[in-house]
Protein chains: 2
Amino acid sequence: MSRVVQPVNAVNERMTGNNGAVHISAKADYGMRALLELVAAYRIDPLQLIKGEAIATAQQVPVKFLEGILRQLRQSGIVASQRGAEGGYRLDRDPSDVTIADVVRALDGPLAAVRGNRPEDVEYPGASEHLREVWIAVRAAMRHVLEGISLEDVALNKLPSDVTELLAEPGAWQRRKP
Amino acid sequence: MSRVVQPVNAVNERMTGNNGAVHISAKADYGMRALLELVAAYRIDPLQLIKGEAIATAQQVPVKFLEGILRQLRQSGIVASQRGAEGGYRLDRDPSDVTIADVVRALDGPLAAVRGNRPEDVEYPGASEHLREVWIAVRAAMRHVLEGISLEDVALNKLPSDVTELLAEPGAWQRRKP
DNA sequence: CTATTTCCTAGTAAGTCAATAGTAAAAGTA
DNA sequence: TACTTTTACTATTGACTTACTAGGAAATAG
Ligand code: FES
Ligand code: FES
């Protein structure tokens with residue numbers, strides 16, 4: 001029997017069917033990357049326009065998919081756009097005033113849900129009485145991180161101190177034992 | 001005796017189509033509730049068996065769906081079961097040794113994913129160079145909360161102090177500088 | 001006018017989620 | 001043994017979501 005050499009390709013190695021509690025969607029990921037490109041341009045000239053295709057090739061993202069993402073970000077007031085020749089996109093707010101939570105909410109809706117409902121809306125009978133507080137704490141933790149980091153923080157790699165503390169924890173960069 | 005199991009998704013106003021970054025699935029929610037029922041029994045007699053239907057009616061959860069959840073929890077070593085008359089389910093570990101992260105991982109897989117991949121596996125070119133650290137921090141925050149709370153903590157409503165601090169925070173829309 | 005570029009609607013294939021049906025296997029009771 | 005109870009497992013369903021793509025309408029510059 002011939003030995004099969006597994007391709008160790010980080011990019012193509014997708015996780016199994018079920019996604020855990022936290023899932024950063026393609027829209028959120030691509031949107032953040034597009035915005036970081038716009039931040040780079042903003043720091044040279046806050047009014048400079050960048051074309052969608054330029055962003056797409058810089059970040060290697062499908063261009064038509066990215067257009068829709070940028071449109072959603074414009075509808076949320078995070079980016080501005082201009083049509084026609086010499087058109088494009090630019091940031092419409094200062095990079096220090098746009099948090100990751102703003103981006104995720106603009107693209108994927110409310111940060112946290114329990115069975116599709118808001119955590120505070122779910123009722124728990126009997127023995128599970130206090131479970132709601134747990135899910136609310138989960139949402140609070142997510143808010144704490146995502147509302148505490150701005151586009152500028154990511155662009156300059158100057159994350160808030162409590163976030164860098166999180167990253168310094170043992171095992172933060174490794175997956176948990178399987 | 002034939003007791004009618006109540007319909008599950010009662011009148012709850014479901015959120016809009018897209019779920020945010022954090023989604024507690026029905027499996028994770030139902031699973032936690034079932035385990036909290038088992039904790040209550042465990043505190044009386046650690047070997048007492050509870051039937052699936054009893055858990056289902058106590059928590060108003062579809063019984064066949066719950067059976068599959070309990071089976072997954074057994075395969076993960078959290079729950080033990082016995083078949084036949086007088087059979088049922090019980091906790092197989094001390095409630096203080098089972099964290100919420102254990103439960104979520106058993107039912108929904110790895111805690112966090114970025115476009116279906118592990119956070120440490122995604123590569124970011126150019127301006128988005130430091131985005132990976134953000135997603136890893138998100139996962140670390142989620143681990144911090146979910147690995148820090150045990151079933152016993154929830155059952156007795158004695159959450160860790162940093163979690164209660166999280167719950168007490170004004171939170172929301174406030175930027176912090178590093 | 002023409003070329004460019006964003007805006008918008010409407011798809012689609014693949015997959016996931018929540019839940020159900022039906023049957024096999026084990027364990028107790030008589 | 002036969003019978004009942006209860007979990008174990010497989011397969012399937014319908015609704016919905018995700019990650020895109022197609023094609024054209026509308027705006028803008030030269
Ligand atoms: S929002 Fe949690 S500590 Fe500030
Ligand atoms: S896991 Fe985050 S501080 Fe301990």
Side-chain angles (χ1 to χ4, degrees), chain A residues 14-21 23-31 34 38 49-57 60-75 79-90 92 107-109 113-117, chain B residues 1-2 5-10 12 14-21 23-31 34 38 49-57 60-76 79-90 92 107-109 113-117:
Chain A
R14 300 203 105 182
M15 285 167 73
T16 59
N18 39 8
N19 295 324
H23 186 226
I24 306 301
S25 68
K27 275 167 78 168
D29 189 56
Y30 294 165
L38 293 183
L49 292 167
I50 313 288
K51 297 194 215 313
E53 199 188 325
I55 301 172
T57 58
Q60 309 216 88
V61 157
V63 60
K64 288 295 267 181
F65 191 35
L66 184 64
E67 272 180 22
I69 291 168
L70 288 164
R71 180 157 19 93
Q72 269 184 278
L73 291 172
R74 178 185 53 85
Q75 286 162 351
V79 310
S81 63
Q82 198 183 23
R83 297 207 264 204
E86 307 296 297
Y89 302 90
R90 63 172 171 81
D92 202 26
L107 297 174
D108 285 340
V114 177
R115 277 188 292 123
N117 306 291
Chain B
M1 82 162 183
S2 76
V5 180
Q6 304 289 348
V8 179
N9 269 336
N12 269 342
R14 298 204 102 186
M15 287 168 77
T16 62
N18 37 10
N19 297 325
H23 185 227
I24 305 300
S25 68
K27 273 165 79 167
D29 189 55
Y30 294 165
L38 293 183
L49 292 166
I50 313 288
K51 296 192 214 317
E53 197 189 325
I55 302 171
T57 59
Q60 310 218 99
V61 157
V63 60
K64 289 294 268 182
F65 190 34
L66 184 65
E67 271 178 23
I69 292 168
L70 287 164
R71 188 167 59 253
Q72 268 183 280
L73 292 172
R74 177 184 53 85
Q75 286 161 351
S76 300
V79 151
S81 64
Q82 198 184 22
R83 299 208 262 205
E86 309 294 295
Y89 303 90
R90 62 171 171 84
D92 202 25
L107 297 174
D108 286 340
V114 178
R115 277 187 291 122
N117 305 290

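What you see is a predicted model, and the numbers here were worked out from it, not measured in a lab. Each chain gets a letter, A, B and so on, in the order its sequence line appears, and its residues count up from 1.
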Expressed as a whole number of angstroms, how long is the span from [X]:[atom1] to [N]:[atom2]?
X	N	atom1	atom2	answer
Ile69(A)	dC8(C)	CD1	C1'	16 Å
Arg115(A)	dA18(C)	CZ	P	9 Å
Gln75(B)	dC9(D)	CD	C1'	9 Å
Leu73(A)	dC7(C)	CG	P	11 Å
Lys51(A)	dT6(C)	NZ	P	7 Å
Leu70(A)	dC7(C)	CG	P	8 Å
Lys27(B)	dA19(C)	NZ	C1'	11 Å
Ile50(B)	dT7(D)	CD1	C1'	15 Å

The salt bridge (charged side-chain N to carboxylate O under 4.0 Å, His left out) partners of Arg90(A) (sequence neighbours excluded) come to Asp92(A)

Sorted by chain and residue number, the salt bridge (charged side-chain N to carboxylate O under 4.0 Å, His left out) partners of Lys64(A) (sequence neighbours excluded) come out as Glu67(A)

dist Lys27(A):NZ -> Leu73(A):CG (nearest 0.5 Å) comes out at 9.5 Å

Requested in this report: Answer yes or no: is there a side-chain heavy-atom contact under 4.5 Å between Leu38(B) and Ile55(B)?
Outcome: yes

Closest to the side chain of Tyr30(A), out of dA18(C), dC7(C), dC20(D), is dC20(D)

Looking only at dC20(D), dT6(C), dA8(D), the nucleotide nearest the Arg71(B) side chain is dA8(D)

Distance check: side-chain N/O of [X] vs OP1/OP2 of [N], anything under 4.0 Å?
X	N	answer
Gln72(B)	dA8(D)	no
Arg74(B)	dA8(D)	yes
Ser81(A)	dT5(C)	no

Taken in chain and number order and not counting sequence neighbours, the residues that satisfy side-chain hydrogen bond (donor to acceptor under 3.5 Å, both in side chains) with Ser81(B) are none

Whether each nucleotide of nucleotides 21-30 of chain D has a protein heavy atom under 4.0 Å at its base (B), only at its sugar-phosphate (S) or at neither (-) is summarised, 5' to 3', as BBBB-BBBS-

Ala21(A) meets the side-chain contact (heavy atoms from CB on, under 4.5 Å) criterion, sequence neighbours left out, with Ile24(B), Val104(B)

| said: Please classify the nucleic acid contact of Gly88(A) as base, sugar-phosphate, or nothing, using heavy-atom distances under 4.0 Å. | reply: sugar-phosphate

* To do: Looking at every strand, decide which applies to Gly52(B) at a 4.0 Å heavy-atom threshold: base, sugar-phosphate, or nothing.
  => sugar-phosphate

For Tyr30(A), the ring-ring contact (aromatic ring centres under 6.0 Å, His included) test, sequence neighbours excluded, returns Phe65(A)

